[in-house]
K.L.:
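Take a look at the following structure, please.
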Amino acid sequence: MTKIEYLDLGIQPIANEYVTPGQDKAELFFHLAMGVDDETGMSSLMHVVDSRTVYTDTYAYHSSGSKTMRDHFAAAAKELQDKWNPKTVLEIGSNDGVFLKNFTKSHSIHSIVGVEPCANFAKITEKMDICTFNYFWNEETAVYATDYTGDKFDLVYSANCICHIPDLVETFDAVKSILSESGVFVFEDPTLLDMFKNGSYDQVYVEHVHMFTVCALSRILNKCGLEIIDIEHLDVHGGSNRITVGHLGEHAVNLEAVAGAKTNEIVAGLDLATETFQAKALINANANENAYYAFGRRVMDSRDNLVIKLLELRGDGKRVISYGATAKSTTVFNYCNIGPDMIESIIDNTPSKQGKLSPGMGIPIIAPGDGIKSYIDVAFLGAWNFEKEICKKEAKFLDRGGSFITHVPYVREIAINVKC
Ligand code: TMP
């Protein structure tokens, strides 16, 4: 197994590790680069930071931070409950309970279990009366969970978490060990195909250890005695797949969805592994047409265009902020070397991020207050994946002539005369 590097985003900090002004603790930096595995075809970080350094008791990301995601998880819970009628539910990476709080114990649901390594969030769901194991997901935690319920699980769910776990084989083996015979494992994460289509290289940060393709996932899941039985493409988080998995041979497979998703990836040139299982040879032989290298070049163009745009704005005396202190914007600012001289502050509605500085570049993070201040001309959309929600919330800013800029899918301006 060899990983072939195709994207180098330079030296980067831990994306969600916001800095307290004057803190003694030095920031940790690492080399952020992506490669593709020549056996499985999986895209993963070239250098993985120990999970215990990333998911600490002060972990800042709240899944409930946007209406879009609160609505999304409420709808997901209802849909999955209606479809699978589970008696036992477990979520891997339960965060602040935004998904599990939609389940209520009743005669039909007797166990609702969360697994969450960050103690600050595990405490929140414990208070909501959800049994929460404050551990990383692995085979040991799987045993604790089944010992607790005395039963296997009919629904194992995970959102924006499986792609954070370095060892996928251990992860899937652990899921298999707790899945009831007809149980399903449903997980959703951003996709490599969407990242390539959108030029959204900022999906790559310390937590996104993998960017999934259906082709690569299928291979790894099959090795673990599991198979993909359905796939639904979702708009959230810049384009994600909700993947439903069962024990191998246990369920009918929605061939149209599964084969269709694989075909889309193959057509886009993402599945090097199906062609030769020799990514290295292919990348080197066809560097010019290769989708992976083409993406790498597009990312460099995106960086240059964004920096030029910000320099122009500064030259015109415009005041620029960023909207949403996202892990994604940590990647953009550090890769493009954008600091407080170009973006004066970042507004974010997460109380634990406010008063802190953005990782690496030290841009102050402030509360949104009543919205973007009247003296601000332009806001970079750090949370571009919530473009609609933010444009709606900040309609007054747009009405008075303010504009947003984003680099997705290319560097562009969003103003009142441009439809959001
Ligand atoms: P995410 O893109 O990783 O989900 O992060 C979104 C961040 O943006 C999170 O810190 C919450 C913040 N946010 C706001 O501050 N205001 C908003 O209106 C929205 C939608 C998000």
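Residues take their numbers from the sequence shown, with the count starting at 1.
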K.L.:
With a sphere of 6.0 Å drawn around CG of Asp235, does it hold more than 12 non-hydrogen atoms of other residues, nucleotides or ligands?
P.N.:
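Result for CG/Asp235: open.
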
K.L.:
Counting only heavy atoms not in Lys197, do more than 12 sit closer than 6.0 Å to its NZ atom?
P.N.:
no

K.L.:
What distance do Leu90 atom CG and Tyr148 atom OH have between them, rounded to the nearest 0.5 Å?
P.N.:
11.0 Å

K.L.:
Roughly how far apart are Leu381 CG and Ile405 CD1, rounded to 0.5 Å?
P.N.:
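Interatomic distance, Leu381 CG to Ile405 CD1, rounded to 0.5 Å: 9.0 Å.
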
K.L.:
Centroid separation under 6.0 Å, is that true for the rings of Tyr293 and Phe295?
P.N.:
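Aromatic pair excluded; centres sit 6.0 Å or further apart.
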
K.L.:
Carefully, step by step, assess Phe333 and Phe380 under the rule ring-ring contact (aromatic ring centres under 6.0 Å, His included).
P.N.:
CA-CA 11 Å; Phe333 296 156; Phe380 173 72; 5.6 Å; yes

K.L.:
In terms of side-chain heavy atoms, does Thr350 have a donor or acceptor partner in Asp348 at a distance below 3.5 Å?
P.N.:
yes

K.L.:
I'd like to know whether Ser44 forms a side chain to side chain donor-acceptor pair (under 3.5 Å) with His210, so could you lay out the CA-CA distance, the side-chain angles of the two residues, the decisive distance to 0.1 Å, and finally the verdict.
P.N.:
CA-CA 4 Å; Ser44 309; His210 315 282; 3.0 Å; yes

K.L.:
Assess whether side chain to side chain donor-acceptor pair (under 3.5 Å) is satisfied between His407 and Asp202, documenting all intermediate values.
P.N.:
CA-CA 10 Å; His407 63 294; Asp202 49 341; 3.2 Å; yes

K.L.:
Pairing donors with acceptors under 3.5 angstrom, does anything connect the side chains of Thr88 and Thr149?
P.N.:
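Absent: no donor and acceptor within the cut-off.
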
K.L.:
To the nearest 0.5 angstrom, please state how far the NE2 atom of His233 sits from the CZ atom of Arg242.
P.N.:
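Between atom NE2 of His233 and atom CZ of Arg242 there are 12.0 Å.
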
K.L.:
With a 6.0 Å cut-off on the ring centroids, do Phe99 and Tyr157 count as close?
P.N.:
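Under 6.0 Å, so yes.
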
K.L.:
Ignoring hydrogens and geometry beyond distance, is a side-chain donor-acceptor pair present between Asp154 and Ser180 at under 3.5 Å?
P.N.:
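A pair is found: one side chain offers a donor N or O, the other an acceptor, under 3.5 Å apart.
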
K.L.:
Would you say the side-chain atoms of Thr58 and Thr56 include a donor-acceptor pair closer than 3.5 Å?
P.N.:
yes

K.L.:
Can the ring centroids of Tyr201 and Phe196 be said to lie less than 6.0 angstrom from one another?
P.N.:
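Not under 6.0 Å, so no.
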
K.L.:
Would you sort out whether Phe404 and Phe397 count as a ring-ring contact (aromatic ring centres under 6.0 Å, His included), showing the intermediate values?
P.N.:
CA-CA 9 Å; Phe404 288 103; Phe397 168 66; 5.3 Å; yes

K.L.:
Check this for me: does any side-chain nitrogen of one of Asp230 and Lys83 sit under 4.0 Å from a carboxylate oxygen of the other?
P.N.:
yes

K.L.:
Which residues pass the side chain to side chain donor-acceptor pair (under 3.5 Å) test with His110, sequence neighbours left out?
P.N.:
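Not a single residue meets the side chain to side chain donor-acceptor pair (under 3.5 Å) criterion with His110.
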
K.L.:
What I want to check is whether the side chains of Thr68 and Glu389 have a donor and an acceptor closer together than 3.5 Å.
P.N.:
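Note: Thr68 and Glu389 side chains meet the donor-acceptor criterion.
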
K.L.:
If you look at every heavy atom in Pro21 and Gly355, which pair is closest and at what distance?
P.N.:
CD-O, 3.4 Å

K.L.:
Evaluate the side-chain contact (heavy atoms from CB on, under 4.5 Å) criterion for residues Val320 and Glu344: first the C-alpha distance (whole Å), next the side-chain angles of each, then the deciding distance (0.1 Å), finally the verdict.
P.N.:
CA-CA 6 Å; Val320 184; Glu344 60 184 79; over 6 Å; no

K.L.:
Just wondering, do Leu226 and Asn222 contact through their side chains at under 4.5 Å, heavy atoms?
P.N.:
no

K.L.:
Just checking, any donor-acceptor pair under 3.5 angstrom between side chains of Thr40 and Asp37?
P.N.:
yes

K.L.:
Please identify each residue that fulfils side chain to side chain donor-acceptor pair (under 3.5 Å) with Thr53, with sequence neighbours left out.
P.N.:
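For Thr53, no residue satisfies side chain to side chain donor-acceptor pair (under 3.5 Å) once neighbours in sequence are set aside.
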
K.L.:
Start with the C-alpha distance between Lys123 and Asp96, add both sets of side-chain angles, then the distance that settles salt bridge (charged side-chain N to carboxylate O under 4.0 Å, His left out), and finish with yes or no.
P.N.:
CA-CA 9 Å; Lys123 276 186 201 141; Asp96 59 10; over 6 Å; no

K.L.:
Please assess Tyr205 against Gln12 for the test side-chain contact (heavy atoms from CB on, under 4.5 Å), listing each intermediate value before the final yes or no.
P.N.:
CA-CA 8 Å; Tyr205 53 89; Gln12 294 262 354; over 6 Å; no

K.L.:
With side chain to side chain donor-acceptor pair (under 3.5 Å) as the test, pick out the partner of Tyr59 among Glu116, Glu207, Glu17.
P.N.:
Glu207

K.L.:
From Ser358 OG over to Ile346 CD1, what is the distance, rounded to the nearest 0.5 angstrom?
P.N.:
4.5 Å

K.L.:
How close do Glu227 and Gly249 get, counting heavy atoms only, and between which atoms?
P.N.:
OE2-N, 2.7 Å

K.L.:
Step by step, work out the side chain to side chain donor-acceptor pair (under 3.5 Å) result for Tyr292 and Ser43.
P.N.:
CA-CA 10 Å; Tyr292 288 81; Ser43 259; 4.6 Å; no

K.L.:
Is the number of heavy atoms from other residues, nucleotides or ligands within 6.0 Å of CG (Asp151) greater than 12?
P.N.:
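It does: Asp151 CG has more than 12 such atoms within range.
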
K.L.:
Can you tell which of Arg412, Lys392, Lys393 makes a salt bridge (Lys or Arg N to Asp or Glu O under 4.0 Å) with Glu387?
P.N.:
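Checked Arg412, Lys392, Lys393 against Glu387; only one passes salt bridge (Lys or Arg N to Asp or Glu O under 4.0 Å): Arg412.
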
K.L.:
Could you tell me whether Glu181 and Lys152 make a salt bridge, using a distance below 4.0 angstrom between a side-chain N and a carboxylate O?
P.N.:
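Result for this pair is no, no salt bridge flagged.
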
K.L.:
Start with the C-alpha gap between Lys87 and Ser111, add the side-chain angles, then the distance that decides, and say whether side chain to side chain donor-acceptor pair (under 3.5 Å) holds.
P.N.:
CA-CA 7 Å; Lys87 288 188 185 58; Ser111 300; over 6 Å; no

K.L.:
Between Asn241 and Glu232, is there a side-chain heavy-atom distance shorter than 4.5 Å?
P.N.:
no

K.L.:
Minimum heavy-atom separation for Gln81 and Ile109, please, with both atom names.
P.N.:
NE2-CD1, 3.4 Å

K.L.:
CG of Asn385 to OG of Ser66: how many Å apart, nearest 0.5 Å?
P.N.:
8.0 Å

K.L.:
Cys215 and Ile266: which non-hydrogen atoms are nearest, and at how many Å?
P.N.:
SG-CG1, 4.2 Å

K.L.:
Would Lys101 and Glu91 count as a salt bridge (charged side-chain N to carboxylate O under 4.0 Å, His left out) here? Give the steps.
P.N.:
CA-CA 11 Å; Lys101 73 176 184 192; Glu91 185 180 9; over 6 Å; no

K.L.:
Under 3.5 Å, is there a donor-acceptor pair between the Asp194 and His237 side chains?
P.N.:
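Checked: Asp194/His237 side chains show no N/O donor-acceptor pair below 3.5 Å.
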
K.L.:
Salt bridge (charged side-chain N to carboxylate O under 4.0 Å, His left out) for Asp301 and Arg297? Distances and angles first, verdict last.
P.N.:
CA-CA 6 Å; Asp301 289 346; Arg297 284 195 301 273; over 6 Å; no

K.L.:
For Lys176, is there an ion pair with Glu170 - N to carboxylate O distance below 4.0 angstrom?
P.N.:
no

K.L.:
Is any side-chain N of the basic residue among Asp82 and Lys78 closer than 4.0 Å to the acidic one's carboxylate O?
P.N.:
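A salt bridge is present here (some side-chain N lies under 4.0 Å from a carboxylate O).
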
K.L.:
Run the ring-centre check on Phe386 versus Tyr323 and record whether the distance is less than 6.0 Å.
P.N.:
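Here the rings of Tyr323 and Phe386 have centres that are no less than 6.0 Å from each other.
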
K.L.:
Taking atom types as modelled, is there a side-chain donor on Trp384 or Asn198 under 3.5 Å from an acceptor on the other?
P.N.:
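Looking only at side-chain atoms, Asn198 and Trp384 do not form any donor-acceptor pair under 3.5 Å.
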
K.L.:
Please step through side-chain contact (heavy atoms from CB on, under 4.5 Å) for the pair Val186 and Val156, ending with a clear verdict.
P.N.:
CA-CA 6 Å; Val186 179; Val156 177; over 6 Å; no

K.L.:
Taking all atoms of both residues into account, what is the closest heavy-atom pair of Ala145 and Phe133, and its distance?
P.N.:
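That would be CA-CE1, 3.9 Å.
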
K.L.:
Distance from Ile365 atom CD1 to Ser329 atom OG, nearest 0.5 Å?
P.N.:
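Going from CD1 on Ile365 over to OG on Ser329, the span is 8.0 Å.
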
K.L.:
Can you name the nearest heavy-atom pair linking Val214 to Ala261, along with the distance?
P.N.:
CG2-CB, 3.9 Å

